[in-house]
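The structure appears right after this line, and notes come after that.
First the proteins, then the strands, lettered A, B, ... as listed; each starts at 1.
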There are 2 protein chains.
Amino acid sequence: MISCPKCSEVGSIMKAGYVRNKQRYVCKDCNYFFTLANPESPVPGKKARRHQTTIIDIARSIGVSNSTVSRALHGHADISPETRQAVLNMASQMDYQPNQLAYNLVKSRTNTIGMIVPEFHNPFFPNVIIGAHHVLTEAGYNLTIMQSNESYPVEVSNTKAMLANRIDGLLISLTQETNNFDHLKVFEKRGIPLILFNRVCDHVEVPKVVVNDFDASFSAVEHLILNGYERIAHLGGPLTLLVSRERLRGYRAAMEKHGKSIEENMIIQGMFSQQKARIYGKYLLELENRPDAIFAVNDSAAIEIMLLAMEKGIRIPEELGVVGFSDNPESAYIGPGLTTVRQPTLEMGTTTAEWILQMVDSETEIAMPTQKILKTELVVRGSSNRIRDI
Amino acid sequence: MISCPKCSEVGSIMKAGYVRNKQRYVCKDCNYFFTLANPESPVPGKKARRHQTTIIDIARSIGVSNSTVSRALHGHADISPETRQAVLNMASQMDYQPNQLAYNLVKSRTNTIGMIVPEFHNPFFPNVIIGAHHVLTEAGYNLTIMQSNESYPVEVSNTKAMLANRIDGLLISLTQETNNFDHLKVFEKRGIPLILFNRVCDHVEVPKVVVNDFDASFSAVEHLILNGYERIAHLGGPLTLLVSRERLRGYRAAMEKHGKSIEENMIIQGMFSQQKARIYGKYLLELENRPDAIFAVNDSAAIEIMLLAMEKGIRIPEELGVVGFSDNPESAYIGPGLTTVRQPTLEMGTTTAEWILQMVDSETEIAMPTQKILKTELVVRGSSNRIRDI
DNA sequence: AAAAGTATCGGTAACGTTTGCGAATACGTT
DNA sequence: AACGTATTCGCAAACGTTACCGATACTTTT
């Protein structure tokens, strides 16, 4: 029989509806509504959630208060050496691991910097990560990395996840699709440090770290021209990216400076996977009046062009000059070596990391530089090094 | 004048020491001790911590309780369509972003998988990361990456940080220094899913994902032997790593199977940076009776050997056969191409990720496979491809 | 000896969410 | 009218830490 939890009466219990699929009762005597507590029925194979020892456990076991334990663990001043030692001993004895989540919640900071990159496949972003990771780790910060996968919706959801996780600052390199920047403006509004790198945009007022794409492109193309190439094609990136537009500008400027006519059908813009590069390369090399040099958006595209040319028996650099971008490891070893633009990837990582740390660590609003332009370097190798006096 | 906060008396206030650098007072009338509240003195340039709108804010502004808002946001059942809609509207209007920290604290899970790798410089680990990242992201999990930098103390502190951040599971590849495994046993004791990959050890009972190093090494060396090489040197990794020991075993087994005598001074174990590889390579190539083939621990070491041989005018593969390990991108392009062992890096990442998800998602204890051995593939290129009938 | 200062510790309100349990109301059925 | 049922919502206790504000007891100064 059921007895009332309040008056212990047995006879006057009546059903009184259901609450969340559980029978509800009422005691007619004391007018007390109640449901029966769940019988203790642990699911057999259920994982027993181990209890992690907390500050409270330590406090109880040596008879002090939580605040004392907290202060002792953090080396505060208001603690006698004896109690501090007792707390420390008990902590290691009970194998205490602080709960960073609770700490983060109360301090509303996470000691974590977020980083969103569009992809991982080129060595470029991993290298930036290495640089940033090093600096942040030295400073005691964690780094969480997300990958937008060159997709704008994913980028937006990534930024939301970063916000939800309350990162202290964000480093981001944009997608090629990104042309709406509301998700970045949220960071401005919230006062959360944000830095754009490599793939930047003009629509948001935060520090940016880029390379001198215009100059790099200009000198690469000029280098080709000085080596006697006349009809230079450009395999560029998607024009949604500022990077691509800058490189195109550099290409045009160099061509114009040296009075070379630009044939628009030799300028191809798009995102270059390995296959795409092969398709467009085939198109270029089979043109009736094919280019005698190609300036490609990245090294893997350039190498694909080189392989294609070799298949067709086109000699490099005599009949075709090739210049890439990024200086991947393989570019040094392919024969002939690929002339390419070396980017200071590590430095890009360290710079962005150092900047974000400045912004995060400063208690007050500080003036940050708006932009840093890192210098690239043209690495001249065999693929473009034609006898000067042609 | 100062008045007592309790009896509002003015005349009988006396100083009564300092409390935390603040003047303390006592009222002689009511014997009430007190200090003066801090005057509101916002530091001028101080960053105004923007208030993030919380569930409570939403609740207040539409006159319901927190729990109602929480349930509405999560699509619970006990909510009328109207209130749910009102909550949702207000949430987006007030630009609400959930606080994952608070969520994590109460749920004591973070939806985050941790990963600790010894280094980033070889493409190996970045590729594993790509694989794991893909799987985890698909499943709605985050991935935090830490780098132990081949240092045991750093590895230990990394695991502590992972524990403190209450990750739901850990993927780890050990340091070459690691020979104490207490920091891993903590995970077992706490019931936190743990998987070792690539750099594993025998001292902890968790799932492991590795490649068949023994077989790979065996077939690489056998391939050299079948190409007529007799005196094969081995540039191996540090023997603290199981990987290195397995490869050494494979080397010895292949040599013994084919009746080749092993000269112990041609076996060099150590961690090979680019410079180290050059030093040891110089040593080997300048031996009185120099080896006619070298099986190296990784591709960068192998390539360093190749470059060194070229400098010395030693022809590859005629006078020296070289085999590497990992199949870095550059290995395909160097001339002659480097024969090497291709490792399924992406698969290693996806496998570990899938396994850790199984372990994390399961409510009950489940039986996990103890080990998965991924298959490698010997990629034969010019550096070892000598005419068979020498 | 009174007053002032020092050293050490406790109580407790946050931080923002989730959730079990209870309760109120409306509705339907004898 | 009396009772059973369904729907919808609120209360309050966690989760683990930090830090402000006091509260003692003791030591030093006047």
Can you tell which of [options] lies closest to the side chain of [X]?
X      : options                : result
B:S80  : C:dT17, C:dT8, D:dT8   : D:dT8
B:K107 : C:dT18, C:dG16, C:dA14 : C:dT18
A:H74  : D:dT17, D:dT18, C:dT8  : D:dT18
A:T68  : C:dG10, C:dT17, D:dT17 : C:dG10
A:S65  : D:dT8, D:dT17, C:dG11  : C:dG11

Counting distance alone, no hydrogens or angles: does the base of C:dG10 have a donor or acceptor under 3.5 Å from a partner atom on the side chain of A:R71? yes
Does A:S67 contact C:dG11 through a side-chain donor or acceptor facing the base, at a distance under 3.5 Å? yes
Figure out the [atom1]/[atom2] separation between [X] and [N], and round it to whole Å.
X      : N      : atom1 : atom2 : result
B:I56  : C:dT18 : CD1   : P     : 11 Å
A:R109 : C:dG16 : CZ    : P     : 16 Å
A:L105 : C:dG16 : CG    : C1'   : 6 Å
A:I55  : D:dA19 : CD1   : C1'   : 12 Å
A:L73  : D:dT18 : CG    : P     : 8 Å
B:I58  : C:dT17 : CD1   : C1'   : 12 Å
A:N66  : C:dG10 : CG    : P     : 9 Å
A:R60  : C:dC9  : CZ    : C1'   : 18 Å

Is there a side-chain polar atom (N or O) of A:Y103 under 4.0 Å from OP1 or OP2 of C:dA14? no
Below the 4.0 Å mark, does D:dC9 have OP1 or OP2 next to a side-chain nitrogen or oxygen of B:T83?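 Yes.
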Any chance the side chains of [X] and [Y] put a donor and an acceptor closer than 3.5 Å?
X      : Y      : result
A:T83  : A:S80  : yes
B:S148 : B:S151 : no
A:E155 : A:T178 : yes
A:Y103 : A:N111 : no
A:Q100 : B:R166 : no

First of A:Q97 and B:V69 reached from the 5' end of DNA chain D, by closest nucleotide: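 Closer to the 5' end of DNA chain D: B:V69.
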Counting any heavy atom closer than 4.0 Å, what does A:I79 reach on the DNA or RNA strands: base, sugar-phosphate only, or nothing?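 Touches sugar-phosphate only.
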